[in-house]
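Along the sequence shown, the residues carry numbers beginning at 1. Since we're looking at a predicted model, the values are computed, not measured. All heavy atoms count here, side chains included; hydrogens, waters and symmetry mates do not.
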Amino acid sequence: MASEAQITQREIVSRNPATGEVLGRFDCATVADVRAAVLNARDAQAEWGVLPARERLKVLRRFQRLLQEGKTEVAQLITRETGKPYVEALLTEVLVVLDTCRFLVESGPAMLRDEAVPHGNLIMKAKVGQVRREPWGVVGVISPWNYPFSIPAGEVLAGLAAGNAVVLKPSEYTALTAVELRGLLARAGLPKNLFRVVLGDGVTGAALVEAPVDKIFFTGSVATGRRVAQAAAARLIPVVLELGGKDAMVVLDDADLDVASSAAVWGAFVNAGQTCLSVERCYVQRRQYEHFLELCLAKTQRLRIGNGMHRATDVGPLIHEGQLRIVEEHVAEARLHGARILTGGHRLPDLGANFYAPTLLANVDHSMQIMRDETFGPALPVMPFEDEEEVVRLANDSEFGLSASVWTGDSARGEKLAARLDAGTVMINDVVSCFGISEAPHGGVKSSGLGRTRGRLGLEEMVRAKYIDSDRLPYTKKVWWYGYGPEFGPQMEGFVDFLFAPSLLRRVRGGLRSFAAFFREGRL
């Protein structure tokens, strides 16, 4: 890890990727800053964590109202900082967060309340058990730049609703959006220090993982996620990891090709392809393949590329030069190995430094990076397949397993195929929008991560379960206590027969044999 002096000297700069305009400059939080933020958050959490859930959720209601009133300004800020079209900032960021509040306010109290645990074992019937859901304490959140409002806000709001304090380290490219989230929660009346934002780069993120937090939620690359998991494992703290995907779209021969092609184009190019749930590879049954390509080509060529602040823009810039180079490399490597570039495949320097033309590729296969590695840019590779057995093999031939989609006119056929795909989420006749369903869990399998965010399962990640058991016969010594004595073993064999023997006669005999154990002499 870098020294304190190295961190102090660092600065992050927020820029508009469409224009290059500097939006803000911030000093990186030092190791001491991060640790102080966590300790202050822990002090604040002591009172917050014991409040009833309904009291905590009053803050989320006020936050929701403030966000709804300021939706335009917040969406415009997101657009300036990420480059995505304004309407995408409004729908995939602001609207998603508003609905997250709705879900937590409506469903949170019931999900967080104590849960009775029935006892099926006859010998345990004199006990009453319950599971209590208690906050972890301080939750650390490390979030990405591609959805700088909806991803961290979903985790922050769930964490606060569950009674935790939260320390957020946002991406260095989208600091202003995180500062806006902090301001909205402060205006909503969230007690001081319950939600802290530490600004900085990857070194600052490492400092948060090493700080005295109780759990880490990380969204980002596989390589960084592994380092986060290793650092957390050394301290035996749990993690939730969302590490991206190479999401497959499967178009069967009975699908509506007009609808499916529109979905493929939107699913591949929304947020300039910088979406973990985006269509990163598309498989089309062979007899529909050429027609599907024709439809995608015509629709891709109609897209309007430009500054996201212009209301007519469909596709904005990539976040920075480094991300653009990854897209270029994947497309160039595919072309070198025989892929056809039907449209796009080049930069758009007349629009700005970070613009890349939406690219449609045919004649691709799994020997190419563009079908194996996460591209995270405006590229749609389309490959034919013969039958369902082949497409299941192709779709599952990936280290990733975040999401997938199946396109068919037969829902039963789609559900049957969806069950065979290795993915945390499979949508039938839709793409990407599963993240907008607040009740649905989000997360993947294989290298796409561990654990879940959003929905009931995501809220469960924000609490730790405590089982409490109360005996209703407090003045009675338990039969299984000392001393055992020479007859106790055979008596308990009879008791096991009484509970589980396959025949009624053996159960009756076992019960009679065990009865004396409750009155044996020599019990302590």
Side-chain angles (χ1 to χ4, degrees), residues 53 57 60 64 67 88 90-112 133 139 141 143-144 146-162 217-220 239-250 263 266-267 270-271 275-280 395 400-408 411-412 414-463:
L57 290 168
L60 270 65
Q64 184 187 44
L67 178 57
E88 288 184 10
L90 184 67
L91 296 179
T92 67
E93 303 258 25
V94 175
L95 177 62
V96 166
V97 175
L98 288 170
D99 195 65
T100 297
C101 291
R102 188 270 315 160
F103 166 73
L104 291 170
V105 168
E106 289 179 358
S107 304
M111 292 180 181
L112 294 169
R133 292 171 172 84
V139 170
V141 174
S143 66
N146 59 327
Y147 289 89
F149 194 69
S150 57
I151 290 178
E155 295 167 8
V156 168
L157 295 173
L160 294 172
F217 287 74
F218 172 82
T219 304
V239 296
V240 171
L241 306 174
E242 199 272 86
L243 307 180
K246 192 68 182 173
D247 299 345
M249 177 177 179
V250 176
W266 180 78
V270 63
N271 197 24
T275 302
C276 59
L277 294 167
S278 68
V279 177
E280 285 255 346
F400 296 104
L402 186 59
S403 78
S405 66
V406 178
W407 295 80
T408 174
S411 296
E415 291 172 9
K416 185 177 180 181
L417 184 60
R420 301 176 64 191
L421 299 181
D422 296 336
T425 297
V426 181
M427 301 200 78
I428 299 171
N429 296 323
D430 199 2
V431 291
V432 181
S433 60
C434 51
F435 192 76
I437 304 169
S438 296
E439 291 78 7
H442 174 66
V445 298
K446 300 192 284 191
S447 291
S448 286
L450 302 169
R452 294 294 182 267
T453 59
R454 304 184 62 75
R456 179 181 63 81
L457 296 182
L459 191 58
E460 290 280 3
E461 294 280 9
M462 292 294 178
V463 294

Any side-chain heavy-atom pair from [X] and [Y] closer than 4.5 angstrom?
| X | Y | result |
| --- | --- | --- |
| D430 | I428 | no |
| V240 | R452 | no |
| S438 | R454 | yes |
| E242 | L402 | yes |
| V431 | D247 | no |
| Y147 | E93 | yes |
| L243 | S447 | no |
| L277 | S403 | yes |

[X] versus [Y], closest heavy-atom pair with distance:
| X | Y | value |
| --- | --- | --- |
| F400 | G244 | CD2-O, 3.7 Å |
| G401 | S448 | N-OG, 2.9 Å |
| L104 | L459 | CD2-CD1, 4.1 Å |
| L112 | A53 | CD1-CB, 4.1 Å |
| A423 | A404 | CB-N, 4.2 Å |
| A161 | L57 | CB-CD2, 3.7 Å |

Salt-bridge contact R456-E461 (side-chain N to carboxylate O under 4.0 Å) =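 Here R456 does not pair with E461 in a salt bridge, since their nearest N and O are not under 4.0 Å apart.
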[X] side, atom [atom1]; [Y] side, atom [atom2] - distance, nearest 0.5 Å:
| X | Y | atom1 | atom2 | result |
| --- | --- | --- | --- | --- |
| N429 | S411 | CG | OG | 6.5 Å |
| Q64 | L98 | CD | CG | 6.0 Å |
| S278 | K246 | OG | NZ | 8.0 Å |
| F435 | I151 | CZ | CD1 | 5.0 Å |
| L241 | L450 | CG | CG | 5.0 Å |

Verdict with supporting geometry, V239 and F218, side-chain contact (heavy atoms from CB on, under 4.5 Å) = CA-CA 8 Å; V239 296; F218 172 82; over 6 Å; no
So W266 and V432, side-chain contact (heavy atoms from CB on, under 4.5 Å) or not? Walk me through it.
-> CA-CA 9 Å; W266 180 78; V432 181; 3.7 Å; yes
side-chain contact (heavy atoms from CB on, under 4.5 Å) between F103 and M111: does it pass, once the steps are laid out?
-> CA-CA 11 Å; F103 166 73; M111 292 180 181; 3.6 Å; yes
Counting only N and O atoms by type, is there a donor-acceptor contact under 3.5 Å from the side chain of [X] to the main-chain atoms of [Y]?
| X | Y | result |
| --- | --- | --- |
| N271 | N146 | yes |
| S150 | V97 | no |
| D99 | I437 | no |

Audit row: F217, V139, side-chain contact (heavy atoms from CB on, under 4.5 Å) steps and yes/no | CA-CA 8 Å; F217 287 74; V139 170; 3.4 Å; yes
